[in-house]
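Take a look at the structure set out below.
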2 protein chains.
Amino acid sequence: MTILHGMAPSGNCWKAAQILRLAGRPFHWVEVDTNGGETRSPAFLARFPMGKVPVVELDDGTVIAESNAILAHFAEGTPWLPPAGLARTRVLEWLFWEQYSHEPFIAVARNIRAFLGTAEAEAERLERCRLGGERALDIMEGRLSRHDWLTDAGPTIADLALFAYTHVADEGGFDLARWPGVSAWVARLRALPGIVPLR
Amino acid sequence: MTILHGMAPSGNCWKAAQILRLAGRPFHWVEVDTNGGETRSPAFLARFPMGKVPVVELDDGTVIAESNAILAHFAEGTPWLPPAGLARTRVLEWLFWEQYSHEPFIAVARNIRAFLGTAEAEAERLERCRLGGERALDIMEGRLSRHDWLTDAGPTIADLALFAYTHVADEGGFDLARWPGVSAWVARLRALPGIVPLR
């Protein structure tokens with residue numbers, strides 16, 4: 001059976017579990033203690049040199065890493081990933097944007113506040129996360145105040161990728177009430193069949 | 001004609017110019033002063049809400065953002081992007097890894113040292129860049145000490161995406177002689193027909 005190595009509260013790992021569920025692909029979850037250093041252990045690195053989760057391991061031993069590559073891989077041929085051309089490029093734009101301009105602020109703020117518990121010691125870093133995260137939510141609001149989904153193709157893996165950390169952004173100190181378009185989109189995605197949010 | 005809005009020394013903008021050249025698509029370059037704040041100006045944001053370059057503008061006004069989405073868009077149907085399936089997923093893994101685990105260290109170190117000139121004031125940030133950048137180069141070396149290209153599909157946009165900031169990493173304080181597999185790969189990519197490096 002497909003194995004998903006992940007850390008339960010991680011939004012990146014949530015993406016992998018969610019697309020496997022939507023693709024109707026049963027999987028076995030193996031919990032990895034990222035904050036405890038397990039992904040940097042010699043045993044983990046010997047198997048998974050990138051030193052991160054999620055990692056999906058197929059029956060034949062093939063390993064797939066990088067949460068957004070995992071989304072694209074298992075969404076191929078489903079309505080969650082439009083065929084090649086501008087519609088697919090729009091999805092990729094959001095996927096790359098998520099990893100560079102959203103996750104490093106919104107996920108990192110949540111990890112510091114909710115899991116590491118080092119908010120006082122990392123006040124300066126948290127402030128950078130707040131500024132970057134608010135800017136990311138502003139950009140999402142620019143789209144979602146006028147549209148139901150991030151791209152014109154209906155719900156896609158772009159929405160899944162951004163939902164991952166946005167729907168738990170309050171744990172990083174972001175009050176989504178300030179971004180009504182984003183809030184409505186979170187509720188809309190949550191209501192789709194087969195979606196199993198982190199909480 | 002296709003317009004590419006970019007900052008000349010930027011590796012991310014280099015990616016866009018390079019794939020347009022390889023796709024045989026003539027373009028007109030419009031220089032944007034990112035470090036001078038132009039991408040955050042109201043005029044720029046009104047046209048390009050993401051507030052970043054590169055941005056490719058097509059004849060019909062369609063705008064494509066995010067350097068790695070631009071790579072994928074114009075590589076579609078060429079040998080630079082394998083067809084859907086595991087070969088393409090391997091390329092996507094490196095593209096996402098580049099934006100999260102390579103660019104934020106190696107490109108940022110270069111920008112601080114070579115363009116902003118704020119190395120003394122940002123010593124702590126530079127040190128984080130050094131550690132993250134060395135780790136990224138170690139991971140590339142793990143692959144490139146044993147293979148010619150980042151994936152088994154021959155040279156792809158994964159190699160272009162990683163070449164962008166790796167071939168000028170010395171400007172960020174990284175001595176590539178420490179990573180002989182990476183150095184050989186830089187020389188190998190540089191020698192391919194149609195490649196126009198930053199220098």
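Because only heavy atoms are used, hydrogens play no part in the values below, and waters and symmetry mates are left out as well, while side chains stay in. All chains are named by letter (A, B, ...) in the order of the sequence lines, taking the proteins before the strands, and each is independently numbered beginning at 1. Computed from a predicted model, the values in this text were never measured in an experiment.
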Do [X] and [Y] sit in the same hydrophobic cluster, where Ile, Leu, Val, Met, Phe, Trp and Tyr count as joined when their side-chain heavy atoms come under 4.5 Å apart?
| X | Y | value |
| --- | --- | --- |
| B:Trp97 | A:Leu45 | no |
| B:Val32 | B:Trp14 | no |
| A:Val56 | A:Met7 | no |
| A:Leu137 | A:Leu189 | yes |
| A:Ile195 | A:Leu20 | yes |

Legend entry - chain A contact residues among residues 58-95 of chain B, heavy-atom distance under 4.5 Å: B:Thr62, B:Val63, B:Ile64, B:Ala65, B:Glu66, B:Asn68, B:Ala69, B:Ala72, B:His73, B:Glu76, B:Ala84, B:Gly85, B:Leu86, B:Arg88, B:Thr89, B:Arg90, B:Leu92, B:Glu93, B:Trp94, B:Leu95

Inset, instruction - Specify the closest pair of heavy atoms between B:Met50 and A:Arg135, including all atoms of both residues, with the distance to one decimal. - result: O-NH2, 3.2 Å

Inset, instruction - Would you please go through residues 100-133 of chain A and name the residues with a non-hydrogen atom below 4.5 Å from one of chain B, in numerical order? - result: A:Tyr100, A:Ser101, A:Glu103, A:Pro104, A:Arg128

